[in-house]
**Q** 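The structure's right below; bear with me while I get my questions together.
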Amino acid sequence: MLNTEVGAVLAVIRRIPDPTSQFISTTEEGFESSVLNSLKSLRGLIFSPQQEWHTIDPSIYLAPFLDVVQSDDIPAAATAVALSAILKILKLEIFNEKTPGARDAINSIVTGITSCRLEKTDSTSEDAILIRILQVLIGIMRNRTSYLLTDHAVCILVNTCFQVVQQSVSRGDSLQWNARHTMHDLIQTIYARLPEIEAQEAENSESETEDADMGNNLDSGYGIRSIVDIFHFLCSLLNVVEVVDVDGSTATNSDEDVQLFALTLINSAIELSGDGIGKHPKLLRMVQNDLFHHLIHYGTCSSPLLLSMICSTVLNIYHFLRRSIRLQLEAFFIYVLLRVSTEVQPTFIIEMYVNYDSDPICRNVFEKIGKLLCKKAFPIPNSPLSSMQVQAFEGLLTMIHNIADNMDEDAESRSDRSHPVAITEYRPFWIAERNDDDNLESWVESLRMRKAQKRKIMIAADHFNRDEKKGLEYLKMAHLVPEPPDPKALAYFFRYTPGLDKNKIGDFLGDPDEFNLQVLKEFTHTFAFSGMILDNALRTFLETFRLPGESQKIQRILEAFSDRFYDQQFSELFVSKDAVFILCYSVIMLNTDQHNPQVKKKMTEEEFIRNNRAINGGKDLPREYLSELFQSIATNAITIFGQSGSSIEMNPNRWVELINRAKSMSPFVVCKYHHSLSRDMFGCISGPAVATICAVFEQGDEDEILNECVEGLFSVARVARFGLEDTLDELLASFCKFTMLLNPYASAEETLYAFSNDLKPRMATLAVFTIANKFADVIRGGWRNLVDCLLKLKKLKLLPQSVVEPDTISPSPSDILTRSKSGVMFPAIDTGYGITRQTSGLTGRFSHFLSLDCTEESLTQAGTEFEQNLKIIKQCRIGNIFNNSSNFPDDSLQNLGRSLIFAAAGKGQKFSTSVEEEETVGFCWDLLITITMANLHRFMSFWPSFHENLILVAQLPLFSPCPFSEKAILGLFKVCVQLLSSSQSDKLAEEFIFKSINLMWKLDKEILDSCSVTITQSVSKLLIEYPANIQTQLGWKSVLHLLSVSGRHPETYEQGVEALISLMSDGTNISRQNYAYCIDCAFGFAALKISRLENSWKIIEQMVESVNLLIQWYRTGYTDPGSNMSMSNMSSSSFEESKAHNSSTITLFIKVAEALRKTSLVRREEIRNHAVLSLQRSFALADELGFTSTNCINCFNLVIFAMVDDLHEKMVEYSRRENSIKEMRSMVATLKLAMELLKEIFLQFLRPLAESSGFRTFWLGVLRRMDTCMKAELGDDSELILQQLVPELLKEMITKMKEKEILAPKQDNDLWEITYIQIQWIAPSLKEELFPTEY
């Protein structure tokens, strides 16, 4: 071989040169004599060797060829032949590592090849020589003696190869491919040796000096030094840049092609080195430092192709070296992967939800991803967060932020909150509506409907697994199956519903009922067996249910399968469906035989083939087909009686079936975010997401993590605005616990210490109140927790001196507010919804302005710890929440009111002192009144709920009405005055506010005394300024009753009397509706002991004057005031109404008469007498009211007789008391007036009285009272007054009766006789005068 190669080289050298060549010499003497001599000497050695060939130094026969390669005067063709000779020597392994001089020889080859001189010829020839050089280079490394190379030689060899790679860029594709391929092979060969390098050498690699680093054993060849240098060289290639000209100036860009090539080489080096890199500290440091630095730097600004290669490299490093790159991996995730992930297609999440989660026949991809992130991010109790948990949590937050950001962009949806979808009619759930931009809302509703169907399907699956009949009934009830049932609907339910009991599916499909057979047929039509062989198709089919054990059911199912498979077979192998059925049955039997442990003698392949002879239309199936089928079943069993719900892995047959399905599947839906879909998306993961955010906030300690939790809270709030209020309430409840303000077992000092010394409680406090400021319209039950936090802050004296002002209806920043008793006031700020994670100061880095140890200057200026806490609370802007309650929706406002009412009632509160209780109750009521005053324009939308809550708290077992009722009355009257100050006040609103007021004072009637000043002031203001706005009976009753009760006190009497007199003297606002209440109130003031005489007289006079109102109402007809109906146009029906009206007018008169009667019983004689005289005037005025006989008798019974009886009783009572002569005589004087009044009224109404059927009884009553007064034993001269008075009164009355022939002797009337007899007993002296003729 050597002789041939030497001859070939000499022949090329002696060849006549090409005229176009740059080579000048044309004779053999032109070449270097040394090259020719060495070649000739080698030929001589070949034919006369001096020793055994394998003992000859390889340098002897390599040197001539190397001289040719290194010579400047040798033609290119000769160089190529010499290179080929060297390559043959290496491949044939003429020498090995045991050959003397092998080390020098292999290193000399490297030196010679890397010093190769090329004659300038055409590019093709040059490329051929370069390719031959590359072949020699890889031949060197693949030779058995390559390990004898020095580190320097290996580095030179790699560098030479890379130079060829660089030159190949401007040359042919063949050279470029060969160069890159050779470089790749060199790296693989070199780094495959790394695991073999001794540990001692690894230790040497740690040396500080180059000499020590080179101190490895020379016999061991190249080692870690060259491997480190080459790896460093590969890493440096990542920094290669190219200079480009941009607008006349130069700029540098990364050479991506070189970077990709370098990463490919680095990947190979790491894969082949494996964990061996970790045994060599210098190489490991290079991976940890240089390589990772480049990967992270270029990972954030590279193309997708380069990023993919970078990720592949990191994955390899992770696989082998993860124990040594913990922080580097974290940095890569944070600064590359997560940052790049935020730049992915913004519609990725919504498209996953639309295409999969909203499709009943697909799995919930988005929901599973979200819940998986929650699961991976959920911290372990009492353990710090791991890097994986942090990454998963950030991924979850990215998902939530993405949803929230896109919902914010949907501005028009703000007023259109998502509503739940109700399935009211049957729609095939497997058919999707096309996305139509022109009818977006319809498409969205269709998607939401399908998602609702999917939820119902899962519920139906649960019912089906428990009871088959209940499951099918639920499908009908949920409109998932029509009536009558559609077999196709049930088939799709069985086919695509995950988690169904496969046993029940198999039993249903195998049932012989006609409907079940139709379902079975439709079920098999959901499969696509095109392109599948029989056993794979059967496996796919039987994976979806459990084949029943009954042979007849198996037969029916296999028949249906055979029909479907035959229709879709891709060849003409089977001639009939029967052939498929028989073979299927045979396969099932074979599967049982081969894989049932109870079968001892297994069927052989020949037996299986023999059993299936002549089944294909009388012919045999191909033996190869049956043999392949047998081997497939024997090696891989068909799961026929597998466990229900067992997981199924992707396999070739399932992949074929998936591809077949994809052909008929609707295309991937490309869409944008829509608020309704986004709301439903978040609703799928809201529970786990909220729990995860809370758990991470609780376990996390780093500021960055806490800030991310708070930002997550705000994003949840932004999403919750669209119908997920419960989710925000749940999150608020948890965050309120983190404030440390709701710990029932901590003292005030402990709470204050925790709040002052821990950043987390302060962040939580600021977060929850910021949510209340910005998203109060979304909060429902969460108000309870917020109010509890607020009360604890007040107890800790951390609230500002003023928070809100209850008297302000519509607060604005320019309002000058005054403080309430509890000190609640705060300026208003903007409450728009423009809160974003990028721009909002509220949702920025909370720890930045919560941290109290930023700089020394801030520490000196911060003040005391208490002052620092006050600054934090001031940032919460608590007052703004209540001042802007007019923007709250009704639900939110009702829940806030409920929370304040229950808190004021002591629910969940513990008070150490009564003062603390009073302050807390007052504070709650001040806040409640503030939000009420700010929302008076929609009072009826929330106050009925407030009133119901007041009733509920009054029924609490441990409810204490004091001071609750007192504070309530004070606040409610403020609302009442403000409410009725409007001329357009609502009757229902008026009724409800007075219901609440009455409820409160009835809980504790003592508050009417303790709050008398406020009540009197409020009621007086209503009666004096706004009486026309009181429209309801309840309103008048409550106002006048409270006026009469609260005005009894010396400090309130004058104001109360003034209000009453103002109302009654004007008369404009007195109506039938409030007349009785006015009279009751007037009597209350007139009869007061503290009432001044002139005031009582005025009030009595007003009562008398009010009779004129009755007369006016009577005269205006029998309709309400203001009506134009008169007596002339009154119909018969209205006449009946007039009778009722007349009766009501008399009733009102009796009311005022009774009031005067009761006034006649007071202790002061002047008032009594004036009352009696006023009563007489009243009756005189009332003569125009058209009294009937019945009315007259009622007036006497209720007023006159009652007054006389009561005065007589009191007179007798005083006569029996010691030292009461004065009082008795005073009472006699009043009784005398009353008796005279009796006579006057009797004579006034004598005619109607006489017409009454009860006149006889009435007259006896008059006589009895005359007799009683006549015979009164007073033990004083006062009785003479009565004894003189009675006969005079009787004489006048009887005389009048006789004149009108009412009293006359008649045979059918015994009145004369009765009167005669009674006169004998009462006043015998009148007998002769009144009855001169003896009867």
Side-chain angles (χ1 to χ4, degrees), residues 1-6 9 35 38-39 41-70 81-116 132-161 182 185-198 200-201 204 214-227 229-230:
M1 184 276 293
L2 287 176
N3 182 49
T4 302
E5 295 302 322
V6 170
V9 172
V35 173
S38 63
L39 287 172
S41 299
L42 176 58
R43 173 173 286 182
L45 178 63
I46 293 172
F47 290 105
S48 57
Q50 301 296 323
Q51 53 188 343
E52 293 293 329
W53 192 257
H54 64 275
T55 61
I56 296 177
D57 187 347
S59 298
I60 296 176
Y61 49 80
L62 284 172
F65 297 108
L66 293 175
D67 290 341
V68 173
V69 170
Q70 296 177 80
V81 174
L83 289 172
S84 297
I86 297 172
L87 182 60
K88 286 182 180 180
I89 294 173
L90 293 172
K91 286 184 176 181
L92 295 175
E93 295 185 351
I94 296 177
F95 66 94
N96 54 38
E97 67 276 11
K98 296 180 180 179
T99 303
R103 174 185 296 277
D104 294 336
I106 194 68
N107 281 282
S108 66
I109 295 176
V110 173
T111 304
I113 297 300
T114 56
S115 302
C116 177
R132 193 60 53 85
I133 291 174
L134 294 173
Q135 292 173 349
V136 175
L137 293 178
I138 192 61
I140 295 172
M141 292 308 302
R142 288 177 178 175
N143 191 269
R144 292 172 57 182
T145 60
S146 63
Y147 76 92
L148 298 176
L149 290 170
T150 63
D151 288 317
H152 179 72
V154 172
C155 292
I156 293 295
L157 188 146
V158 171
N159 184 56
T160 301
C161 184
T182 303
D185 286 350
L186 286 175
I187 297 299
Q188 285 185 325
T189 304
I190 293 170
Y191 282 88
R193 187 173 181 267
L194 181 63
E196 302 174 4
I197 297 178
E198 298 178 0
Q200 177 65 36
E201 193 171 347
N204 290 337
M214 291 292 294
N216 52 313
N217 188 357
L218 293 177
D219 293 335
S220 63
Y222 73 90
I224 191 63
R225 171 81 180 266
S226 59
I227 289 177
D229 288 346
I230 294 172

**Q** If you measure from CD1 on I86 to NZ on K88, what distance do you get to the nearest 0.5 Å?
**A** 12.5 Å

**Q** How close do F95 and L90 get, heavy atom to heavy atom, and via which atoms?
**A** CZ-CD2, 4.4 Å

**Q** Using only atom types and a distance under 3.5 Å, with no angle test, would you say the side chain of S226 pairs donor to acceptor with the backbone of G223?
**A** yes

**Q** Could you pull out the closest heavy-atom pair between L148 and A102, with the gap in Å?
**A** CD1-CB, 4.2 Å

**Q** Let me confirm one number: the CZ-NZ distance from R144 to K98, rounded to the nearest 0.5 Å.
**A** 7.5 Å

**Q** Do you know the tightest heavy-atom contact between T111 and Q70?
**A** O-OE1, 4.4 Å

**Q** How close do Y191 and I227 get, heavy atom to heavy atom, and via which atoms?
**A** OH-O, 2.7 Å

**Q** Rounded at 0.5 Å granularity, tell me how far CD1 in I156 sits from CG in N107.
**A** 11.5 Å

**Q** Taking the side chain as every heavy atom from C-beta outward, state whether L149 and I140 have any pair of such atoms under 4.5 Å apart.
**A** yes

**Q** Determine whether the side chains of T182 and D185 contain a donor N or O and an acceptor N or O closer than 3.5 Å.
**A** no

**Q** If every non-hydrogen atom of L186 is compared with every non-hydrogen atom of L137, which pair is closest and at what distance?
**A** CD2-O, 3.9 Å

**Q** How many angstroms lie between CD1 in I109 and OG1 in T114, if you round to the nearest 0.5 Å?
**A** 11.5 Å

**Q** State whether the side chain of N143 and the backbone N or O of S146 hold a donor-acceptor pair below 3.5 Å, judged by distance alone.
**A** no

**Q** Measure across T145 and E97 and return the closest heavy-atom pair with its distance rounded to 0.1 Å.
**A** CG2-N, 3.3 Å

**Q** Set out, in order, the CA-CA distance, both residues' side-chain angles and the distance that settles side-chain contact (heavy atoms from CB on, under 4.5 Å) for Y222 and R193, then state yes or no.
**A** CA-CA 10 Å; Y222 73 90; R193 187 173 181 267; 3.4 Å; yes

**Q** For the side chain of T150 and the backbone of A153, is there at least one donor-acceptor N/O pair under 3.5 Å apart?
**A** yes

**Q** Among L157, V158, V110, whose side-chain contact (heavy atoms from CB on, under 4.5 Å) with M141 holds?
**A** L157

**Q** Mark yes or no for whether N159, through its side chain, and C155, through its backbone, hold a donor-acceptor pair below 3.5 Å.
**A** no

